[in-house]
Amino acid sequence: FAITEGNPKWEKKDLTYSIENYTPDLAKEDVDNAIRKAFKVWSDVSPLTFTKISQGEADIKISFNYGDHNDNSPFDGPNGILAHAFQPGPHIGGDAHFDEDENWTKDHRNYNLYRVAAHEFGHSLGLGHSSDIGALMFPSYAFSDPNDIQLSQDDIDGIQAIYGPSDNVIQPTGPTTPQACDRKLTFDAATTFRGEKMFFKDRFYLRKSPYDSEAEVNFISLFWPSLPHGIEAAHEVAEKDIVRFFKGNKYWVIRGLDVLPGYPKNIHNTFGFPKTVQKIDAAFSDEYTGKTYFFVQNKYWRYDEQRRSMDADFPKLITNDFPGIGSKVDAVFSDNEFIYFFRGTRQYKFEPQKKRVVAVLKSNSWFNC
Amino acid sequence: FPAHLETKQQDLEIVQNYLEKFYDLKTEGVRIAKKKGSSPVVEKLKKMQKFFGLKVTGKPDDETLKVMKQPRCGVPDVSQ
């Protein structure tokens with residue numbers, strides 16, 4: 001996180017705000033609601049309170065403006081700059097301006113007012129831009145599920161560095177952005193994907209192309225906005241150029257950037273899992289045999305992609321057929337005749353023909369740390 | 001002219017405008033194209049690429065331009 005140079009801050013905790021004018025894009029109460037929620041993300045994690053006033057000069061004045069609006073920072077028409085806000089201080093200090101040339105929404109369409117306002121109010125309180133891509137104070141607008149707008153730990157650390165901890169008995173925490181070279185990095189899921197490797201953690205993917213030495217970290221929603229975060233398993237069926245994503249007893253199918261229509265579907269109907277199976281831990285598909293392996297708790301199933309049904313005599317115990325990798329799997333993919341199993345911070349390189357682990361690696365060995 | 005020459009010039013304009021607005025690039029009227037690789041621009045571009053976790057090349061590559069074209073907040077990334 002970054003604090004605005006000179007550490008400008010409000011000397012009081014109980015701040016006021018006013019809404020000077022309203023965008024015609026939304027109903028008045030939708031604007032009121034979005035602004036109230038946007039302040040609440042900050043009051044939930046700090047000792048600050050925000051009260052809307054309609055008489056007198058508020059600390060933070062909110063307005064919607066076109067182009068040049070006499071503050072030396074003209075807006076630039078649709079897209080580009082969406083809004084800006086001023087650091088704490090009298091008069092224009094703390095004020096937040098929104099570009100009326102944008103289309104302001106209250107749902108997933110561009111641009112969600114709640115999402116942009118929550119960011120701008122960070123500036124109103126003295127925060128600068130953070131280089132943490134998972135932080136609300138990251139400068140670029142990233143699509144996000146409007147029901148999922150939350151401060152990251154980086155944002156919480158920033159605001160508490162200025163105003164101290166929250167008055168809540170239990171200190172609030174936020175999600176952190178996975179760091180590719182973090183030795184404690186673990187994965188929710190992993191898959192190959194058109195020649196690349198993709199690893200999934202909370203809201204994020206870590207993407208490793210053979211042509212890049214470093215991993216790219218970004219939001220899953222950047223590629224697949226309708227996918228949930230917290231993906232639990234993923235596997236590619238290269239022959240069909242699809243990837244299946246699993247969470248709970250549901251799964252989605254994507255091809256490139258498209259989530260195929262009709263999904264999510266239920267794993268029991270399509271794959272024939274018994275009702276006792278309510279989540280998939282990991283999965284991979286063997287493109288040579290056309291078999292897909294699903295790992296659930298200490299057992300695994302084998303599904304025939306051609307016949308579209310589970311093979312007989314399954315499930316079987318993981319330890320029987322994949323000795324050395326432990327009894328449970330977090331994530332798995334197959335690559336060049338080896339299977340890579342991930343469990344916690346460990347990765348097991350498994351040779352299926354000889355049924356043996358040939359190497360135990362760190363979970364982030366693919367990222368050239 | 002081949003279209004990509006125009007696009008090239010547009011991209012350079014985007015880079016200059018972005019660095020002036022968000023990375024305190026002072027160009028005093030000097031245009032990027034004339035001073036290809038001029039140090040202030042390259043340094044500011046590297047700072048922007050580092051901030052966004054991009055490959056620090058000092059060149060307006062595709063990934064950098066993609067980020068510069070994303071909608072964003074009008075507050076500068078570095079203090080002015």
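FYI, side chains are in, hydrogens and waters are out, and symmetry mates aren't considered; it's all heavy atoms of this structure. Reminder, nothing fancy here: chain letters follow the sequence lines and each chain counts from 1.
Contact of A:Phe86 with chain B is not made at all, since no heavy-atom distance falls under 4.5 Å. Using a 4.5 Å cut-off between heavy atoms, A:Ser140 contacts chain B through both its backbone and its side chain. In this structure, chain A has a heavy atom under 4.5 Å from the side chain of B:Lys55, while its backbone stays farther away. Using a 4.5 Å cut-off between heavy atoms, A:Ser130 touches chain B through its backbone atoms (N, CA, C, O) alone. Using a 4.5 Å cut-off between heavy atoms, A:Phe75 does not touch chain B at all. Contacts between A:Glu120 and chain B at a heavy-atom distance below 4.5 Å involve the side chain alone, from C-beta outward.
Proximity of A:Pro139 to B:Phe22: side-chain heavy atoms (C-beta onward) are nowhere separated by under 4.5 Å. Between A:Glu102 and B:Pro71, every side-chain heavy-atom pair lies at or beyond the 4.5 Å cut-off.
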Intermediate values then yes/no, side chain to side chain contact (heavy atoms under 4.5 Å, CB included), A:His129 and B:Phe51: CA-CA 10 Å; A:His129 282 149; B:Phe51 185 94; 3.8 Å; yes

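By a heavy-atom distance cut of under 4.5 Å, A:Gly80, A:Ile81, A:Leu82, A:Ala83, A:His84, A:Ala85 are the residues of residues 77-85 of chain A near chain B, going up by number. Of all residues in residues 194-216 of chain A, those placing a non-hydrogen atom less than 4.5 angstrom from a non-hydrogen atom of chain B are A:Asp212.
Within 6.0 Å of the NZ atom in A:Lys106, the count of heavy atoms belonging to other residues, nucleotides or ligands does not exceed 12. Other residues, nucleotides and ligands contribute only 12 or fewer heavy atoms inside 6.0 Å of the CG atom of B:Asp62.
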